[in-house]
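Let me begin by presenting the structure, written as structure tokens, before commenting on it.
Counting starts at 1 for both ligands and their atoms, in listed order.
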Amino acid sequence: MNIEKYSRGYFMPPVKSLKWTEREYITESPTWCSVDLRDGNQALVVPMSLEEKLEYFQLLLQVGFKEIEVGFPAASETEFAFLRRLIEQDLIPDDVTIQVLTQSREHIIRKTFEALKGVNKAVVHLYNSTSVAQREQVFKKSEEEIIDIAVTGAKMLKKYADETEGDFQFQYSPESFTGTEVEFALDICNRVLDIWKPTVKNKVIINLPATVSISMPHVYASQIEYMSDHLNYRDNVILSLHPHNDRGTGVADAELGMLAGAERVEGTLFGNGERTGNVDIVTLALNMFSHGVDPKLNFENIPKIISMYEELTKMKVHERHPYGGELVFTAFSGSHQDAIAKGMKWREEKECQYWTVPYLLIDPMDIGRKYEGDIIRINSQSGKGGIGYVLQQKYGLDLPAEMRESFGYSVKNVSDRKHKELMPNEIYDIFINEYVNINTPVEFINYKFTQNDHYETIVSIRMKNEVHEFNGVGNGRLDAISNVLQTQLGIYYKDLVYKEHAQEIGSGSNAVSYVGITDMDGVVYWGCGIDADIMTSSVKALFSAVNKMVSSLQLPVDKEFILLKK
Ligand SMILES: CC(=O)SCCNC(=O)CCNC(=O)[C@H](O)C(C)(C)COP(=O)(O)OP(=O)(O)OC[C@H]1O[C@@H](n2cnc3c(N)ncnc32)[C@H](O)[C@@H]1OP(=O)(O)O
Ligand SMILES: CC(C)C(=O)C(=O)O
């Protein structure tokens with residue numbers, strides 16, 4: 001690769017400006033300005049139609065934006081008509097301020113104010129490019145001539161605003177700020193401010209865009225801090241950021257920029273915008289949770305926001321997109337699933353105030369995602385914790401820890417062989433087929449018990465189509481039946497373990513029992529019984545475990561019953 005072709009194209013402030021490094025976190029949310037309908041829209045393959053813009057505008061209102069750049073009215077008929085529609089049909093709520101963008105060219109400014117006629121209030125946003133590259137290559141102008149574009153535009157805005165009814169606030173962006181010498185950017189902004197003379201009542205927005213992000217975020221933060229410290233009329237200036245994401249650091253730029261003194265951020269939903277996009281306001285806003293700060297935007301139903309966004313922009317939210325992506329709350333891998341399942345249980349038991357579940361930055365439910373099917377999904381990388389969690393959450397089956405392990409391997413193997421993710425119903429089917437009410441080759445039919453100082457049983461068992469009755473005794477009922485299996489059928493095992501619970505999910509409320517037995521070589525076999533009757537469920541669990549052992553050891557079953565060598 002031809003690395004000699006590249007070098008740094010940004011400028012550090014003339015004096016080091018690093019106070020932001022000492023601020024640990026953001027203490028309040030900035031003023032958000034959505035530029036979806038302008039910067040986002042201008043980057044779409046097919047910009048939105050008027051009706052689509054109207055629908056998107058409603059979406060932005062629902063999310064809670066109070067400042068919305070609605071377009072570049074001089075750009076096209078649709079842009080112009082959209083603004084007219086908003087004004088004429090009184091679609092702008094009183095607590096929302098719309099914003100429009102204009103170049104510093106008189107016919108464009110005139111058209112912009114024509115489009116604004118009748119508006120109650122609006123931000124009029126003037127820009128011109130200031131970077132070395134743009135001055136030299138695009139405008140072919142000196143610094144003074146570039147300043148003149150800005151100053152002339154600022155004067156024109158003032159003139160047209162004076163001639164037009166409505167409250168107008170002004171915004172200026174030294175476009176391509178990140179490629180501009182910081183002193184020059186400061187000078188041009190101050191020259192514009194001198195024209196507009198901001199007051200407490202009518203503050204001016206100075207917007208410092210990372211039009212193209214060309215440095216690491218700490219450089220941008222230092223540039224912002226320097227500007228914040230040296231701008232004239234600072235108390236009457238709202239310092240705004242407009243990061244793009246060329247280096248993949250749009251969010252970092254915005255966060256460090258806020259630490260450095262910015263009070264406002266322009267961005268878009270899911271980061272739509274020119275090239276790699278504008279900074280993603282969904283991410284920035286939800287990141288506020290990690291500072292314990294209320295972002296004052298409502299993303300309670302992110303699935304609905306995504307579906308509207310995708311429909312209107314024809315863009316896709318990537319599966320790994322922070323917060324919004326389909327897979328961002330999903331763990332496939334075993335150790336993550338195990339930690340999440342334990343963390344969720346801990347949270348339930350301890351009634352924790354703060355969200356601390358491992359691997360999950362926020363509670364997915366807070367943004368309209370669900371636990372079921374979202375958090376833990378199963379493939380060949382999964383483990384017993386996650387697989388057990390799915391069975392428990394979806395089907396109310398709380399397997400003993402040791403059984404989870406053995407079942408976990410069965411499920412992983414199926415997923416590995418089939419080379420696919422397994423859905424909860426497939427996992428359930430594997431469980432039912434492998435463990436529940438297994439009745440071949442030794443089929444449990446029924447039992448009777450009598451109780452003295454011990455239990456006596458008569459148990460009916462079918463083998464090879466013939467039903468036999470056996471008598472047995474034991475300390476408990478399950479023990480009595482287990483003794484029949486061992487002493488009369490010759491199916492020997494040891495270390496019987498047992499667990500049961502009510503199945504609260506699904507139809508009816510069945511009892512679920514789990515039995516583990518160990519053969520003479522130390523191999524453990526598990527079975528499960530599900531039945532309306534708790535005793536029957538435990539007997540079925542025992543027979544299931546026994547049948548698994550008989551089948552695995554290929555023990556002969558005939559009229560003479562099973563004769564074990566050991
Ligand atoms: C970083 C950003 O996102 S900035 C916003 C960019 N958005 C858009 O461009 C979308 C909407 N734009 C448009 O529809 C059109 O570009 C219009 C209507 C604004 C202007 O259209 P046109 O005049 O036909 O074409 P074009 O945009 O190519 O104009 C370029 C001219 O404007 C000048 N120019 C560009 N930006 C500015 C500015 N901010 N202020 C003053 N002049 C400017 C250029 O130097 C060039 O001048 P030249 O003709 O002397 O060479
Ligand atoms: C108009 C300005 C703010 C812009 O969109 C940019 O610089 O990216």
Is there a donor-acceptor pair under 3.5 Å between the side chain of [X] and the backbone N or O of [Y]?
X      : Y      : result
Asn278 : Gly271 : no
Ser176 : Ser131 : yes
Thr268 : Asn272 : yes

Which heavy atom in [X] sits nearest to a heavy atom in [Y], and how many Å separate them?
X      : Y      : result
Arg84  : Lys117 : NH1-O, 2.7 Å
Gly153 : Ile109 : O-CD1, 4.1 Å
Phe11  : Gln223 : O-NE2, 2.9 Å
Gly277 : His244 : O-ND1, 3.2 Å
Leu101 : Phe72  : O-CD2, 3.5 Å
Thr164 : Tyr160 : OG1-O, 2.6 Å

N or O contact, [X] vs ligand 2, cut-off under 3.5 Å:
X      : result
Tyr127 : no
Arg38  : yes
His244 : yes
Ser173 : no

So which bit of [X] gets within less than 4.0 Å of ligand 2, heavy atoms only: side chain, backbone, both or neither?
X      : answer
Thr211 : both
Asn278 : neither
Glu266 : neither

Nearest protein heavy atom to [atom]: under 4.0 Å?
atom                    : answer
atom 20 (C) of ligand 1 : yes
atom 48 (P) of ligand 1 : no
atom 6 (C) of ligand 1  : yes
atom 40 (N) of ligand 1 : yes
atom 32 (O) of ligand 1 : yes

Atom indices of ligand 2 within 4.0 angstrom of [X] heavy atoms, with elements:
X      : value
Pro209 : 6 (C), 7 (O)
Asn207 : 3 (C)
Glu175 : 7 (O)
Asp39  : 5 (O), 8 (O)

Query raised in the report: Does any non-hydrogen side-chain atom of Asn128 lie less than 4.5 Å from one of Ile146?
Result: yes

Per [atom], closest listed option by heavy atom ([options]):
atom                    : options                : result
atom 26 (P) of ligand 1 : His244, Arg105, His125 : Arg105
atom 8 (C) of ligand 1  : Gln42, His242, Lys141  : Gln42
atom 38 (C) of ligand 1 : Arg38, Gln103, Glu175  : Gln103

Query raised in the report: More than 12 non-hydrogen atoms from neighbouring residues, nucleotides or ligands closer than 6.0 Å to CD on Glu77, yes or no?
Result: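 Open.
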
Requested in this report: Count the heavy atoms of every other residue, nucleotide or ligand shown that sit under 6.0 Å from CH2 of Trp355, and state whether that count exceeds 12.
Outcome: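 Buried by this count: over 12 neighbours within 6.0 Å.
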
Query raised in the report: How far is atom 4 (C) of ligand 2 from its nearest protein heavy atom, and which residue and atom is that?
Result: His242 NE2, 3.4 Å

Those atoms of ligand 1 less than 4.0 Å from some heavy atom in [X]:
X      : value
Leu101 : 5 (C)
Tyr127 : 4 (S), 5 (C), 6 (C), 38 (C), 39 (N), 40 (N)
Asp39  : 3 (O)

Query - Centroid separation Tyr309 to Phe270 less than 6.0 Å - result: yes

Query raised in the report: Between CD1 of Ile149 and OG1 of Thr130, what distance do you get to the nearest 0.5 Å?
Result: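 The OG1 atom of Thr130 is 10.5 Å from CD1 of Ile149, to the nearest 0.5 Å.
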
